[in-house]
Amino acid sequence: VGSDSYWVDSISVNSSYPSNLRGTYTSGIFDTGLNNPFDTISWSATIPSQTYVAGAPSDALKIELRTGLLTSGANCSIGTIDWTGSDWQYVASGASGRVSLPAQFSGKRCVQYRLTFFTINTLYTPEVNEISIFYYNTIPPSNVTGLIAAPGDASVALSWINPSDINFAGVKIVRAT
């Protein structure tokens with residue numbers, strides 16, 4: 001869902017890891033434009049072997065997700081979001097992959113992810129190169145309006161007004177004889 005600049009919004013501390021061995025990045029809130037079913041999340045990360053105990057690279061990165069409903073305002077960035085029933089949920093870990101998202105994330109408009117980085121050596125840290133959250137837009141766009149068919153010499157000129165829906169992709173004209 002869109003792209004995000006990587007800036008550190010917050011660093012949190014977990015008592016089971018010293019504070020210099022754990023950090024958390026929380027993304028900005030993304031707006032899909034409509035309440036949609038979320039499908040999958042994919043990510044690509046570089047996890048140096050110096051960041052985890054031998055044989056356990058999935059311990060170096062944890063990905064969590066939450067989705068919410070926009071209850072007021074123009075969009076998820078400036079509006080009021082109802083996160084009820086969508087506390088931070090673990091979805092994946094490790095260097096890279098793609099996983100299906102459970103149904104609990106579907107039917108909502110706003111989405112946010114949180115990354116937790118772990119290391120056993122403060123000279124090295126996992127790096128996330130890309131995160132993509134995929135969703136389906138199941139609400140069809142509005143119809144075109146103002147259709148005009150102007151007959152010409154062995155032709156017909158068509159004109160119309162496209163809807164302003166964000167999920168409108170185009171018009172397909174089919175000729176029948």
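For the numbers below, each heavy atom of this structure counts, side chains included, while hydrogens, waters and symmetry mates do not.
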So, is the end of the Arg98 side chain (NZ or CZ) under 6.0 Å from the ring centre of Phe134 and within 45° of the ring's axis? yes
Rounded at 0.5 Å granularity, tell me how far [atom1] in [X] sits from [atom2] in [Y].
| X | Y | atom1 | atom2 | answer |
| --- | --- | --- | --- | --- |
| Asp31 | Leu70 | CG | CG | 6.5 Å |
| Phe30 | Asn75 | CZ | CG | 13.0 Å |
| Cys110 | Ile81 | SG | CD1 | 4.0 Å |

Is there a side-chain hydrogen bond (donor to acceptor under 3.5 Å, both in side chains) between Asn36 and Ser106 once you walk through the steps? CA-CA 6 Å; Asn36 294 296; Ser106 290; over 6 Å; no
Check for me, please, whether Val171 and Val156 land in the same ILVMFWY cluster - side-chain distances under 4.5 Å, paths through other members count. yes
Does Ile131 belong to the same Ile/Leu/Val/Met/Phe/Trp/Tyr cluster as Tyr135, with side-chain heavy atoms less than 4.5 Å apart forming each link? yes
If you look at every heavy atom in [X] and [Y], which pair is closest and at what distance?
| X | Y | answer |
| --- | --- | --- |
| Ala45 | Leu61 | CB-CD2, 3.8 Å |
| Leu158 | Ala149 | CD2-CB, 3.7 Å |
| Lys108 | Thr32 | O-OG1, 4.1 Å |
| Pro48 | Pro126 | CD-CA, 4.1 Å |
| Ser44 | Ser96 | CA-CB, 3.8 Å |
| Ser27 | Gln112 | O-NE2, 2.7 Å |

Please check this pair: side chain of [X] against backbone of [Y], looking for a donor-acceptor N/O pair closer than 3.5 Å.
| X | Y | answer |
| --- | --- | --- |
| Thr67 | Phe105 | yes |
| Thr119 | Tyr124 | yes |
| Trp43 | Gly94 | yes |
| Asp165 | Pro163 | no |

For residues 112-121, which residue pairs pass the salt bridge (Lys or Arg N to Asp or Glu O under 4.0 Å) check, not counting sequence neighbours? Glu64-Arg114
Is it true that [Y] and [X] share a donor-acceptor pair across their side chains at a distance under 3.5 Å?
| X | Y | result |
| --- | --- | --- |
| Thr80 | Ser72 | yes |
| Asp39 | Ser100 | no |
| Thr84 | Asp82 | yes |

Could you tell me whether the side chain of [Y] reaches within less than 4.5 Å of the side chain of [X], counting heavy atoms only?
| X | Y | answer |
| --- | --- | --- |
| Val144 | Ile161 | no |
| Thr40 | Val99 | no |
| Leu115 | Thr24 | no |
| Phe38 | Ile133 | yes |
| Leu69 | Trp83 | no |
| Leu65 | Val111 | yes |
| Ile41 | Ser132 | no |
| Trp160 | Ile148 | no |

Asp87 and Arg66 ion-paired at < 4.0 Å: no
Check the pair Leu101, Val91 against side chain to side chain contact (heavy atoms under 4.5 Å, CB included), reporting the backbone distance first and the verdict last. CA-CA 7 Å; Leu101 294 172; Val91 293; 3.8 Å; yes
Would you check, one step at a time, whether the test side chain to side chain contact (heavy atoms under 4.5 Å, CB included) holds for Gln50 with Ile120? CA-CA 7 Å; Gln50 296 87 345; Ile120 58 173; over 6 Å; no
Would Asn162 and Phe168 count as a side chain to side chain contact (heavy atoms under 4.5 Å, CB included) if you check the C-alpha gap in whole Å, the side-chain angles of each, and the deciding distance to 0.1 Å? CA-CA 8 Å; Asn162 290 332; Phe168 177 74; 3.5 Å; yes
Under 30°, 30 to 60°, or over 60°: which ring-plane class applies to Tyr113 and Tyr25, parallel, tilted or perpendicular? tilted
